[in-house]
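A quick write-up on the structure given underneath.
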Amino acid sequence: MLEGEGTPITITGAIGSGARLAVFDTGRATAPGSVNLNGSLKSDATAITGNTIALGGAVDVSGALRLNGAGITLANAATVSADSLNILLPLSGTLVIGTGALKIGNALIQSGAASGSIALGASVTAGSVSVAAPVALTQSVVIDTSAASGNVQIASAVNGAGNGLTFRLGSGDLTASASIPGASSLTASAGNFRLAGTEYSATGAVSLTGNLILNGTGSIAIRGGTGITITGDVDDTASTNDSSLTLVSTSGTVQVNGNIGATQALAGLVLDGSAIVVTGDIGTTSKAGTVGGISLSAPTIRLDGVLYRAGTTVTVAGQRLTFAEASGSPVEIRAGGSVAIGTAMSTTLARDLSIKGTSISLSGVDNQAGQYFQGVSLTGTGAVTLAGSVGITGDFAVSGATGVVIASSLTIDTCPGGAMAGLVNLGSIPVSASATGVDLFIDTRADTGGDISFGAVGSSVGGQALRSLKANSLGTVEIGRAHV
């Protein structure tokens, strides 16, 4: 044991190079001085306590390595190999880890006050990792616990500082209680990601492989400059439903390969990118995937599931919304509030589409993705607004709404080239235009089917009068009152 009350300890040569020491221990002085080990160290167990600690060479400890100091520096040459590593930083303590790799067989634990700081330039391989102090990267690093599928717990923020950050945990869990901003790339694989910070961001791509669980109590944003990919389900913490999720990519695709809010609903969901892909459902038949709203904004949006359900509103903005569920199952969009779809809609396979909300607005339904929808059903308690033509091969039905508002000249066609036409059934719901100069053409001409029914038409129902109304059918046409 080497021990000095306030006395500096400096060793320039190698320690234990000829024969590994059983124990290297600097003692437990109440006012320790500095400890400087400029050479390599080999021992079965090592405990170093100092006001400052500087390690300049390779450290090889077959057992436990303990470091306790207000300022700890590991030089670039100070690679560390140990069975376990415990680092204690007191109030405002600093830990600087150079580029030498850390290879820890079992747990790596950094404890002490969260007011300390860590500068990290080394990749870490360990059985598990727990870090209390804030971290700033000085170069791109990898944190790897995959051999043992160990957990990684990060209590404070990690500043990427323009460097890449990679986590490999196998089936272990990554718990990040604070933000991880500013990385050049963020790549992680884990059993679960438990995030409670406000932002996780990279100027490049963000890729998370594992289930994402929101542990916070407010908005959590994941931002990837060139794209975001989450491969796993996304849920809030059990029973709280108080975390909303925002996924934003300024120049890449936002892709979620899994269900959202299927186990526990999120507070809200915003997806915004150059393209959006969601392969699973949002919510279930028994509950919404979000307590609040769902907002999707991208030039192209592809949804591969069958149910998209929000507690309040569903808003879709862009140029094209495509439904691509692989078996042709019916798709439902359901909201406790309004549904506003500001994109044309299409489908890769013939299927039915059902939309339910208070007010509903659509910008068109076509076959640009390769197939026509069969039936389209709109159920609302307010107005249903149509701003684009509808081409389908089955029935077009509106129920429960206070009125159907035609926002631009359009066609409702339920027999695009087919021998059998679907119905156009608006019941007794009145129809009007949102502005002057709007024409409505309903075409259900076919050898069989194709009845048309709706209520009053014209300005008397609260909107503008249609400039013209044309209804073609080989079936019956029922109309309440027309004023055009």
Side-chain angles (χ1 to χ4, degrees), residues 339-347 350-357 359-368 371-380 382-484:
V339 176
I341 300 179
T343 66
M345 292 190 294
S346 54
T347 179
R351 72 181 82 244
D352 291 335
L353 173 64
S354 172
I355 300 176
K356 300 178 180 179
S359 60
I360 299 171
S361 61
L362 304 183
S363 293
V365 180
D366 59 36
N367 70 331
Q368 289 300 306
Q371 296 288 335
Y372 286 103
F373 284 97
Q374 292 169 324
V376 172
S377 171
L378 309 179
T379 304
V384 169
T385 301
L386 302 179
S389 293
V390 176
I392 60 177
T393 60
D395 296 344
F396 180 80
V398 179
S399 61
T402 56
V404 174
V405 179
I406 309 301
S408 62
S409 296
L410 58 87
T411 298
I412 301 174
D413 185 353
T414 63
C415 58
M420 179 175 293
L423 306 176
V424 174
N425 183 5
L426 309 185
S428 59
I429 298 172
V431 179
S432 64
S434 63
T436 59
V438 173
D439 303 314
L440 174 60
F441 177 34
I442 302 176
D443 189 357
T444 66
R445 289 172 296 174
D447 294 339
T448 58
D451 294 345
I452 300 172
S453 64
F454 46 87
V457 177
S459 59
S460 61
V461 298
Q464 298 286 336
L466 293 168
R467 182 172 62 185
S468 68
L469 169 63
K470 183 178 181 180
N472 284 349
S473 175
L474 296 181
T476 61
V477 177
E478 296 181 5
I479 184 170
R481 181 177 69 251
H483 174 220
V484 297

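All values derive from a computational prediction rather than experimental measurement.
Contact detail for I360 and T379: the closest heavy-atom pair is CD1-O, 3.4 Å. Considering every non-hydrogen atom in both S408 and G388, the closest pair reads OG-N, 4.3 Å. A401 and I429 make their closest contact through O-CG1, 3.7 Å (heavy atoms, listed as atom of the first residue, atom of the second, distance). The two residues V339 and G357 make their nearest non-hydrogen contact at CG2-CA, 4.3 Å.
L423 is not listed as a side-chain neighbour of T414, based on a closest heavy-atom distance of 4.5 Å or more. Using a 4.5 Å heavy-atom threshold, the side chains of L378 and L362 count as touching. Inter-residue side-chain proximity for V398 and N425 is flagged as unmet; no heavy-atom pair is nearer than 4.5 Å.
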(message) Working note: F396 + L426, criterion side-chain contact (heavy atoms from CB on, under 4.5 Å); need CA distance, chi angles, decisive distance, verdict.
(response) CA-CA 8 Å; F396 180 80; L426 309 185; 4.2 Å; yes

(request) Let me see the working for V438 and Q464 under side-chain contact (heavy atoms from CB on, under 4.5 Å), right down to the final yes or no. (result) CA-CA 9 Å; V438 173; Q464 298 286 336; over 6 Å; no

(message) Determine whether L386 and I412 satisfy the following criterion, side-chain contact (heavy atoms from CB on, under 4.5 Å), listing intermediate values before the conclusion.
(response) CA-CA 10 Å; L386 302 179; I412 301 174; 4.0 Å; yes

(message) Determine whether V390 and L410 satisfy the following criterion, side-chain contact (heavy atoms from CB on, under 4.5 Å), listing intermediate values before the conclusion.
(response) CA-CA 8 Å; V390 176; L410 58 87; 5.8 Å; no

(message) One pair to check against side-chain hydrogen bond (donor to acceptor under 3.5 Å, both in side chains): S361 and T385. What are the steps and the verdict?
(response) CA-CA 4 Å; S361 61; T385 301; 5.9 Å; no

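Note: T347 OG1 to Q374 CD = 9.0 Å, rounded to the nearest 0.5 Å. To the nearest 0.5 Å, atom CG of residue L440 and atom CD1 of residue I406 are 5.0 Å apart. Of the inter-residue distances, the one linking N367 atom CG with Y372 atom OH reads 4.0 Å to the nearest 0.5 angstrom. Rounded to the nearest 0.5 Å, atoms CG (N472) and SG (C415) are 9.0 Å apart. Between the OG atom in S389 and the CG atom in D366 there is a gap of 9.0 Å [rounded to 0.5 Å].
Partner I442 forms a side chain to side chain contact (heavy atoms under 4.5 Å, CB included) with one of V424, T411, V431 and no other, that one being V424.
Using modelled atom types, no side-chain atom of D439 and backbone atom of S409 make a donor-acceptor pair closer than 3.5 Å. A donor-acceptor contact shorter than 3.5 Å links the side chain of D352 to the backbone of G375. Formation of a donor-acceptor pair under 3.5 Å by the S363 side chain with backbone atoms of I341 is found in this model.
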